[in-house]
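The chains referred to below are lettered A, B, ... by the order of the sequence lines, with proteins before strands, and numbering in each begins at 1. Atom set for the values below is all heavy atoms of this structure, side chains included, hydrogens, waters and symmetry mates excluded.
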Protein chains: 2
Amino acid sequence: MRGAETRTEIVGAADRLFYQGGFAHTSFADIAAAVQIARGNFYYHFKSKDEILEAVIARRLERTTALLAQWDEANPTPRSRLSAFVRLLAVNGDKIMAYGCPVGSLATELSKLMHEARGPAVALFDLFRDWLAEQFRALGCSEPEAQALHLLMRSQGIAVLANAYRDPAFVAREMAAMEDWIDAAITPQRPAIP
Amino acid sequence: MRGAETRTEIVGAADRLFYQGGFAHTSFADIAAAVQIARGNFYYHFKSKDEILEAVIARRLERTTALLAQWDEANPTPRSRLSAFVRLLAVNGDKIMAYGCPVGSLATELSKLMHEARGPAVALFDLFRDWLAEQFRALGCSEPEAQALHLLMRSQGIAVLANAYRDPAFVAREMAAMEDWIDAAITPQRPAIP
DNA sequence: GTCTATATCTCGATAGAC
DNA sequence: GTCTATCGAGATATAGAC
């Protein structure tokens, strides 16, 4: 029963290497070196490289779902849950500055490769979008989906520029701006001239 | 003197193919098929694939500089110039939904490849950042560089999600939100309690 | 299950005829 | 300047011993 364990290690290493170096640029030799197994051994666990990618995306979907559930548990109010999302940019700050956002960069790469796994990769965005929309809905906002996509859009823009410029001050400033935008978005609108 | 013409065609085709399919995934065979020359002929014009990438980035820097100058000429006010930047998302809407932003996706890819041309690719961001900051400065804003990076951040986030979801309504909505943000940013602040 | 050895392909790059 | 022919490296994938 060592097999299942090896398979898990392969998927974990592939997940990390696909994030750090991209899917196409990561070879079996790279993964084999990380897991310390022979190249030929891959094909006992996976039929092809695309099948490893499928498993990596499935793993990310599981872990993201678990992360969102953990955020639900740790934060009692929808407002504090939105802050948990914003804080992810700080928690993963160093990785984002080095490699960008794992969700966005994979979706962009698979789009350019016209890879069939592009759809499943975009499903990772769906998880965040639906969870964010749920929070805005709970706060009584009028357009929870649009507001969810707006926050997702900001996180992606921040990740791209954080990776380009590698400036922690930029990330901190834009995180604060996200918090301000959230506060304004969930404040009931008053007419300009009362 | 056909040589210079061929070189220009190679760089133009490489520019388009690097954008559509990514740098690493685009082969000499792909470029050769587009320009209709033999593979071996590349090495009369370029020493290596990296040298073609250098030429592509140089071409993009030139063309972006020309675009910004054209925006300056066509728009008399700094405010209308900022709108020209926003409108780029609509002008290139179909390409962005299909391939993402050419600047952001190249910078992200070269970062993952740890390619030496990452710096020159990020210089494309600098052109937009400095030009945007110039407009905010002309409008008397207090933090023109930060505001420039904020607009750049939004355009990148919109491009990533536009490529993921391919929803023109999302792009249109976020373009309008960018215009609203600009109007609020350039409005002289009044104290909350007059 | 894991290994070694190898087949097959594509890539970037080179050599030399024209 | 452009071509054909080809090299060597590295990729995915397969075959078969253990």
Rounded to the nearest angstrom, tell me the gap between atom [atom1] in [X] and atom [atom2] in [N].
X      : N       : atom1 : atom2 : result
E5(B)  : dG1(D)  : CD    : P     : 12 Å
E51(A) : dT12(D) : CD    : P     : 15 Å
F42(A) : dT4(C)  : CZ    : C1'   : 15 Å
H25(B) : dT10(C) : NE2   : P     : 12 Å
F46(A) : dA11(D) : CZ    : C1'   : 19 Å

Just to verify, what does Y19(B) make a side chain to side chain donor-acceptor pair (under 3.5 Å) with, not counting sequence neighbours?
none

Is it true that a side-chain atom of [X] and a backbone atom of [Y] form a donor plus acceptor pair closer than 3.5 Å?
X       : Y       : answer
E109(A) : G22(A)  : no
S105(A) : C101(A) : yes
R129(A) : L149(A) : no
K112(A) : G100(B) : no
R79(A)  : I186(A) : no

Under 4.0 Å between a side-chain N/O of [X] and OP1 or OP2 of [N], yes or no?
X      : N      : result
T6(B)  : dG1(D) : no
Y44(A) : dG1(C) : yes
H45(A) : dT2(C) : yes

Is it true that, when you exclude D94(A) itself, more than 12 heavy atoms of the residues, nucleotides or ligands shown sit nearer than 6.0 Å to its CG?
no

In numerical order, the residues of residues 105-113 of chain A whose heavy atoms come under 4.0 Å of DNA chain D are none

What pairs of nitrogen or oxygen atoms, one from the protein and one from nucleotides 12-18 of chain C, lie under 3.5 Å apart?
residue, atom, partner, partner atom, Å
dG12(C), OP1, K49(B), NZ, 3.0
dG12(C), OP2, F28(B), N, 2.9
dA13(C), OP2, Y43(B), OH, 3.4
dA13(C), OP2, K49(B), N, 2.9
dA13(C), N7, Y43(B), OH, 3.4

Single-linkage hydrophobic cluster, 4.5 Å side-chain cutoff, Y43(A) and F46(A) together:
yes

Pairing donors with acceptors under 3.5 angstrom, does anything connect the side chains of D30(A) and H25(A)?
no

